[in-house]
Protein chains: 2
Amino acid sequence: MASKREGLLLAAKKLLWERGYEGTSPRDIQDECGAGQGSFYHHFETKLDLAATALGEVSADMRDDASDLLNSELPGLERVALFLGRGRDGLKGCRMGRFAAEASIAEPKIRAPVKRYFDHLESLLTAALDEAKQSGTLQASVEPRALAALLIAVVQGGFVLSRIHRDKAAINRATATALALLRSSTTSRR
Amino acid sequence: MASKREGLLLAAKKLLWERGYEGTSPRDIQDECGAGQGSFYHHFETKLDLAATALGEVSADMRDDASDLLNSELPGLERVALFLGRGRDGLKGCRMGRFAAEASIAEPKIRAPVKRYFDHLESLLTAALDEAKQSGTLQASVEPRALAALLIAVVQGGFVLSRIHRDKAAINRATATALALLRSSTTSRR
DNA sequence: GTCTATAACGTGATAGAC
DNA sequence: GTCTATCACGTTATAGAC
């Protein structure tokens, strides 16, 4: 029933990830999934409308993934280690962060799902770091919220490094170094 | 004499910073500096050619700035502190790093000046961190080169945070936190 | 719901006058 | 060197048939 609609959404998610909003035309999306102009504009009012729907779904999926990873029973710092240590392909870019440099980020419909993801991630990391601080694993001088933002920046900047150096692992070295630094500023060292 | 040529270059530098390569048309550049099509294609073969020239100059300027900042007489860690602590307007984006997410980064003429800047910056930071390690200010467990890449990632990711949260100071909080973390993992604490 | 045809506009570049 | 006119093509969308 909603076959073409789902196809268009799937194609949009793929191309928005690979090329961003400005780099993806309605025509590209149609060709990707074998739909015509009619299907596109029957199911979605504009390109922006389709992109907003697609990004809303991607944002929700990514928030769920982050929750699964950061809400475990493990100690706070180990949950953060899991987040930093999960392998990433730096050449693909972040499906949310890639829009930061685009003009399209000025569009509320684009920015909303993106910001919602980052706010959610920051909350999860802050909670984990706060727990680490309470338990004495982390130094008292660091503020969990500021530290959470820093770690998110490392991941986003890691994507930049990977793309520039054409080295998909550069981002993983950056996150590993961040974790090492975090652990080295830890109170309990046995 | 080379008045229009210089005007075109200046306009290109400005617009490439604000809108990126794909977001800037030859027409935009002409209008920005009051030149016609003729001037554009007399002085530059293509849009890519003009962009490469403009980015080459911006890259050189930025490398010089970085050298001035990081080659002082100060102790290694203090030079790094100067780099991290220099205020940035996170909403403007990095004139080199902003191309990382664009398809244009695949063009050798675009990528070359960008990569050259990041390589230079990494060398300068590595040297400063190496000195800090030699003098015992920094822990022996951290590798200067990996740490340098991490700090560059923090700055680039800081731009992403600022743009997404519409908070030009978000990047400065990220770099300040990175410096605090670096200092807290330091050996000599008086 | 899905298709093809078409339109209005912008892009990147060329031609040729001055 | 600089200008205006023009071009082939792509983009975002609308119209109307099936």
Side-chain angles (χ1 to χ4, degrees), chain A residues 1-57 98-99 101-111, chain B residues 1-57 98-99 101-111:
Chain A
M1 20 204 115
S3 148
K4 290 286 178 183
R5 191 191 136 96
E6 289 310 308
L8 285 162
L9 267 174
L10 205 68
K13 287 177 190 176
K14 182 190 175 201
L15 296 179
L16 286 171
W17 186 6
E18 288 174 7
R19 313 180 192 173
Y21 180 78
E22 274 120 35
T24 303
S25 74
R27 191 64 175 265
D28 292 335
I29 298 171
Q30 291 154 210
D31 292 351
E32 176 72 26
C33 68
Q37 300 271 86
S39 296
F40 189 109
Y41 289 101
H42 171 75
H43 294 294
F44 304 96
E45 287 190 13
T46 64
K47 171 188 168 181
L48 180 61
D49 184 43
L50 168 53
T53 305
L55 290 186
E57 292 188 9
R98 73 142 16 266
F99 298 96
E102 282 197 26
S104 67
I105 199 67
E107 287 288 345
K109 288 186 170 182
I110 299 290
R111 186 169 160 266
Chain B
M1 13 211 106
S3 147
K4 292 286 179 184
R5 193 191 135 96
E6 290 310 307
L8 285 162
L9 266 174
L10 205 68
K13 288 178 190 176
K14 182 190 175 201
L15 296 180
L16 286 170
W17 187 7
E18 289 174 7
R19 312 178 193 172
Y21 180 78
E22 274 120 34
T24 303
S25 74
R27 192 63 175 265
D28 291 337
I29 298 170
Q30 290 154 211
D31 292 351
E32 176 72 26
C33 69
Q37 299 273 86
S39 296
F40 190 107
Y41 290 100
H42 172 75
H43 293 294
F44 305 95
E45 286 190 14
T46 64
K47 170 188 169 182
L48 180 61
D49 183 44
L50 168 53
T53 305
L55 290 186
E57 292 188 9
R98 78 152 357 276
F99 298 96
E102 283 197 25
S104 67
I105 200 67
E107 286 289 345
K109 287 187 170 183
I110 299 290
R111 186 169 159 266

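Throughout, a chain's letter reflects where its sequence line sits, starting with A, and its residues are numbered from 1.
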Any heavy-atom pair between the side chains of [Y] and [X] that's under 4.5 Å?
X       : Y       : result
B:Ile29 : B:Leu16 : no
A:Glu22 : B:Glu22 : no
A:Phe44 : A:Pro26 : no
B:Arg5  : B:Thr53 : yes
A:Leu8  : A:Ser39 : yes

Grab the [atom1]-[atom2] distance between [X] and [N] for me, whole Å please.
X       : N      : atom1 : atom2 : value
B:Arg19 : C:dG10 : CZ    : C1'   : 13 Å
A:Leu50 : D:dT12 : CG    : C1'   : 13 Å
A:Lys47 : D:dG10 : NZ    : C1'   : 12 Å
A:Glu22 : D:dG10 : CD    : C1'   : 16 Å
B:Lys4  : D:dT4  : NZ    : C1'   : 14 Å
A:Phe44 : D:dA13 : CZ    : P     : 13 Å

field: Of A:Ser39 and B:Ser25, the one whose closest DNA chain C nucleotide lies more 5'
entry: A:Ser39
- request: Report yes or no: is the cationic atom of A:Lys47 (NZ for Lys, CZ for Arg) under 6.0 Å from the centre of the six-membered ring of A:Tyr21, at an angle within 45° of the ring normal?
  value: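 Yes, A:Lys47 sits over the ring of A:Tyr21.
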query: Taking it one step at a time, do B:Lys13 and B:Leu55 satisfy side-chain contact (heavy atoms from CB on, under 4.5 Å)?
result: CA-CA 7 Å; B:Lys13 288 178 190 176; B:Leu55 290 186; over 6 Å; no
Atom pairs, N/O to N/O, protein against nucleotides 14-18 of chain C, distance under 3.5 Å?
none

- prompt: Is there a side-chain polar atom (N or O) of B:His42 under 4.0 Å from OP1 or OP2 of D:dC3?
  reply: no
- request: Strictly below 4.0 Å, heavy-atom distances to any atom of DNA chain D: list the hits from residues 27-35 of chain B, or just say none.
  value: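 When residues 27-35 of chain B is checked for heavy atoms under 4.0 Å from DNA chain D, the hits, listed by number, are B:Gly34, B:Ala35.
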message: Is it the case that the side chains of B:Thr46 and B:Asp49 hold a donor-acceptor pair, with the cut-off being a distance below 3.5 Å and no angle test?
response: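 Not at all, the side chains of B:Asp49 and B:Thr46 share no donor-acceptor pair under 3.5 Å.
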field: Test side-chain contact (heavy atoms from CB on, under 4.5 Å) applied to B:Glu32 and B:Lys14, step by step
entry: CA-CA 9 Å; B:Glu32 176 72 26; B:Lys14 182 190 175 201; 2.9 Å; yes
